[in-house]
Amino acid sequence: EDTYLETLFLCDFQESNFGLVESNGRYVAKSIDNDLSLFRTELENALTFEMKNNCTTDDNCAYVKCLVACDRGKGKCSGKLLTNNLQVLCKVFFQPTNYLNYRLTDFLVNPPKEFKKELTSLVHQCTHPLTPSNSIPHSLAQNLKALFRRSINE
């Protein structure tokens with residue numbers, strides 16, 4: 001996400017845009033369709049166009065899956081980005097409405113009792129952060145990764 005000088009936003013998260021590659025005995029997810037992956041400057045330019053749109057809710061201002069704030073007072077898209085990659089990933093792959101499209105269905109829909117409370121809490125924190133979207137703690141991603149690893153090992 002931050003390998004380059006700017007953050008790369010993956011605005012088209014969906015299962016078909018990723019593939020698994022075996023590397024050193026581990027599987028690594030790789031993005032295979034990047035046509036709607038934009039660096040911050042490119043995304044801000046695209047959002048400038050979106051700011052001309054009328055809106056009543058934030059959903060009216062989405063750039064694919066990158067959500068932008070609606071200035072309800074003006075009825076126009078503000079250009080302020082509301083989501084980051086981790087939030088989009090959690091919403092697309094981990095929210096209950098999307099479980100049926102994901103390969104980890106059994107774990108996510110019907111997690112073992114020892115993981116259910118933690119998984120529910122982490123997904124909720126990811127999709128509904130208490131802090132602005134660009135300051136979601138890195139520890140949240142680490143905690144999700146650790147939970148998935150623990151579930152595989154047990």
- Task: Please report the closest heavy-atom contact between Asp33 and Asp35, naming both atoms and the distance.
- Result: OD1-OD1, 2.7 Å

- Query: Within a strict 4.5 Å, meaning less than it, do heavy atoms of the Leu10 and Leu8 side chains meet?
  - Reply: yes

- Partner set under side chain to side chain contact (heavy atoms under 4.5 Å, CB included) for Leu122, not counting sequence neighbours: Glu118, Gln125, Leu140, Asn143, Leu144, Leu147

- Item | Non-neighbouring partners of Asp59 that pass side chain to side chain contact (heavy atoms under 4.5 Å, CB included), sequence neighbours left out | Thr57, Leu67

- Note on the structure: With sequence neighbours left out, the residues meeting side chain to side chain donor-acceptor pair (under 3.5 Å) with Asp12 are Gln14, Asn17

- Atom OG1 in Thr7, atom CZ in Phe39: separation rounded to 0.5 Å? 9.5 Å

- Query: So, the side chain of Asn84 versus the backbone of Gln87: is there a donor-acceptor pair under 3.5 Å, distance only?
  - Reply: yes

- What one should report as the nearest heavy-atom pair of Val21 and Lys30 is CG2-CG, 3.6 Å

- Item | From CA spacing to verdict: salt bridge (Lys or Arg N to Asp or Glu O under 4.0 Å), Asp58, Lys80 | CA-CA 10 Å; Asp58 295 335; Lys80 180 184 177 205; over 6 Å; no

- Given side chains that start at C-beta, do those of Leu43 and Leu81 come closer than 4.5 Å, heavy atoms only? yes

- side chain to side chain contact (heavy atoms under 4.5 Å, CB included) partners for Thr120, two or more places apart: Lys116

- Distance col, row Arg150:CZ vs Glu114:CD, nearest 0.5 angstrom, shows 9.5 Å

- Message: What I'd like to find out is whether the side chain of Thr56 reaches to under 4.5 Å of the side chain of Arg72, using heavy atoms alone.
- Response: no

- Query: SG of Cys126 to SG of Cys90, below 2.5 Å?
  - Reply: yes

- Report yes if the SG atoms of Cys70 and Cys77 are separated by under 2.5 Å, and no otherwise. no

- Among all residues two or more places apart in sequence or in another chain, which pass the side chain to side chain donor-acceptor pair (under 3.5 Å) test with Ser23? none

- Gln142 meets the side chain to side chain contact (heavy atoms under 4.5 Å, CB included) criterion, sequence neighbours left out, with His138, Lys145

- Query: Do Leu36 and Phe9 touch side chain to side chain, with heavy atoms closer than 4.5 Å?
  - Reply: no

- When you look at Asn54 and Lys76, which way does the side-chain hydrogen bond (donor to acceptor under 3.5 Å, both in side chains) test go after all the steps? CA-CA 5 Å; Asn54 294 327; Lys76 297 280 184 190; 2.7 Å; yes

- Message: I need the minimum non-hydrogen distance between Cys61 and Ala69, along with the two atoms involved.
- Response: SG-O, 4.0 Å

